[in-house]
Asks: 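Before anything else, here's the structure in question.
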Protein chains: 2
Amino acid sequence: MTQAKTAGRPYHHGDLRRALLAAAAEAIEEAGPAALSLRDLARRAGVSHAAPAHHFGDKAGLLTAFAAEGFELLAAALQRIWAETGSLRELGVGYVRFAVDHRAHFEVMFRPDLYHRDDPEVLAAGRRARDALRVGVAAHRPGGDEAERVDLAAWSMVHGFATLWLGGAFSEREVGDDLEAAAREVIRQVL
Amino acid sequence: MTQAKTAGRPYHHGDLRRALLAAAAEAIEEAGPAALSLRDLARRAGVSHAAPAHHFGDKAGLLTAFAAEGFELLAAALQRIWAETGSLRELGVGYVRFAVDHRAHFEVMFRPDLYHRDDPEVLAAGRRARDALRVGVAAHRPGGDEAERVDLAAWSMVHGFATLWLGGAFSEREVGDDLEAAAREVIRQVL
DNA sequence: GGCGCATCTTGTCAATGTAAAGATATGCTC
DNA sequence: GAGCATATCTTTACATTGACAAGATGCGCC
């Protein structure tokens, strides 16, 4: 027979890899990375529970690809912002904006115990994102050790702000509900 | 019979709750919170696989207690530092130091999808830690909105630095191997 | 001395990750 | 266009886990 038990479903999905990564984003946004289940992703994509293994090996393999995708997205977003505004502050706001808009990716990217941290693609994508941040600081404070320290401080700042916001650590009284406004005020403190 | 199958093990552990929390710290330091297994903790403590459920209900319950313990430890550490030095910078260094010295606790505390975020004990302990940070900023920059913004910036900064350090996001070239020195330099940027 | 209750064990079940082996489609070669 | 190698997906199976229920044990209190 040419059809599986579920009528209308072809034996070959066609674009399963992409579908699984999209399903992962959904699932993680709903319940966090800890609750992620490969079998649930397979169900969402309409394939058998063992299908994901072919594309990603194991669960960590899937999250590796997911993290790499996230770093690519972040690098692209930061490069676009820098090209359009040339503003270091906007670069920082963009970093925070990315964390909130791509919450699932962000939560996996910086949790390397969930994936294969030495995978070449993740490493390369991570470097691209990191470099996209660095150009802004280099332009703002050119030269030497000073720039290096400002760079670390700026990264720490926006990363911490994004992480705390996502974790719900800020009270309403502290930050209100306007993400970008709050981020801009905080970023101003370090520039 | 008064002995379980493993000779020498009494039926009652005596201090199982504390033993399980200690085992959790070990296990999480070894493999991260995602790989934590209640049955493994039970094995480490030398009790049956269902024993943890009595003290903590379920896995999230155990992590709730673990997070609360972490916030208590953090609050105590910060209060001690403030009392001894009265320095906002040292308060920040202490925050980073805590994250590294109590890595397992820190990694759970700010991941509320792992535990019961609305548990009264966690909420209270979290507030105590938060307040311990705030006093430093209030003393350093007294009065009004400005202090509020500096407070958020300082917290974001040290939290981001600690998180990125723990995640291995910094390269050796960027920070060297001296945690406190690197933290001090970065903190200086926001004060 | 006995009773109530907290503590811990044993047994069980559904769900999950992973591996192995088989089924099906796709594309390349001739 | 026929046949075959290979990528893709399914089925089956197994060990591990979290959670629940029911029973065993012993501590403390009257």
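Per chain, numbering begins at 1; letters A, B, ... match sequence-line order.
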Asks: Strictly below 4.0 Å: does B:S37 bring a side-chain N or O up to OP1 or OP2 of D:dT16?
Replies: no
Asks: Quick one: B:H55 NE2 to C:dA6 P, roughly how many Å, whole number?
Replies: 12 Å
Asks: With a 4.0 Å cut-off on heavy atoms, is A:R43 in touch with a base, just the backbone sugar-phosphate, or nothing at all?
Replies: sugar-phosphate
Asks: Check every strand shown and say whether B:L36 touches a base, only sugar-phosphate, or nothing at a heavy-atom separation below 4.0 Å.
Replies: sugar-phosphate
Asks: For A:R39 and A:A51, find the nucleotide of DNA chain D closest to each by heavy atoms; which residue's nucleotide sits nearer the 5' end?
Replies: A:A51
Asks: Round to the nearest Å and state the distance from B:L114 atom CG to D:dG18 atom P.
Replies: 13 Å
Asks: For this output row, return yes or no: ring centroids of A:H102 and A:F106 closer than 6.0 angstrom.
Replies: no
Asks: Can you check the B:L20 CG to C:dT7 C1' distance for me, whole Å?
Replies: 12 Å
Asks: Could you check how far NE2 of B:H54 sits from C1' of D:dT25, rounded to whole Å?
Replies: 13 Å
Asks: Please state how far atom CG in A:L63 lies from atom P in C:dT16, giving the value in whole angstrom units.
Replies: 16 Å
Asks: Using the side-chain heavy atoms of A:L16, tell me which of these nucleotides is nearest: D:dC9, C:dG17, C:dC8.
Replies: D:dC9
Asks: Relative to the 5' end of DNA chain C, which residue comes earlier, A:A50 or A:D40, by the nucleotide with the nearest heavy atom?
Replies: A:D40
Asks: Are the ring centres of A:F56 and A:H116 closer than 6.0 Å?
Replies: no
Asks: Whether A:R127 and A:E121 form a salt bridge (side-chain N of Lys/Arg under 4.0 Å from carboxylate O of Asp/Glu) is what I want to check.
Replies: no
Asks: Calculate the interatomic distance between B:R17 atom CZ and C:dT7 atom P; express it in whole Å.
Replies: 10 Å
Asks: Using 30° and 60° as the class boundaries, would you call the ring planes of B:H105 and B:F66 parallel, tilted or perpendicular?
Replies: parallel
Asks: Assess the residue pair B:F161 and A:W155 against the criterion (ring pair (Phe, Tyr, Trp, His ring centres under 6.0 Å)); give the C-alpha distance rounded to whole Å, side-chain angles, the decisive distance to 0.1 Å, and a yes or no.
Replies: CA-CA 8 Å; B:F161 184 85; A:W155 189 18; 9.9 Å; no
Asks: Is there a donor N/O on one and an acceptor N/O on the other, under 3.5 Å, for the side chain of A:H49 and the base of D:dT12?
Replies: yes
Asks: Tell me: CG of B:D58 to P of D:dC20, nearest whole Å?
Replies: 7 Å
Asks: Between atom CZ in A:F56 and atom C1' in C:dA19, what is the gap in whole Å?
Replies: 18 Å
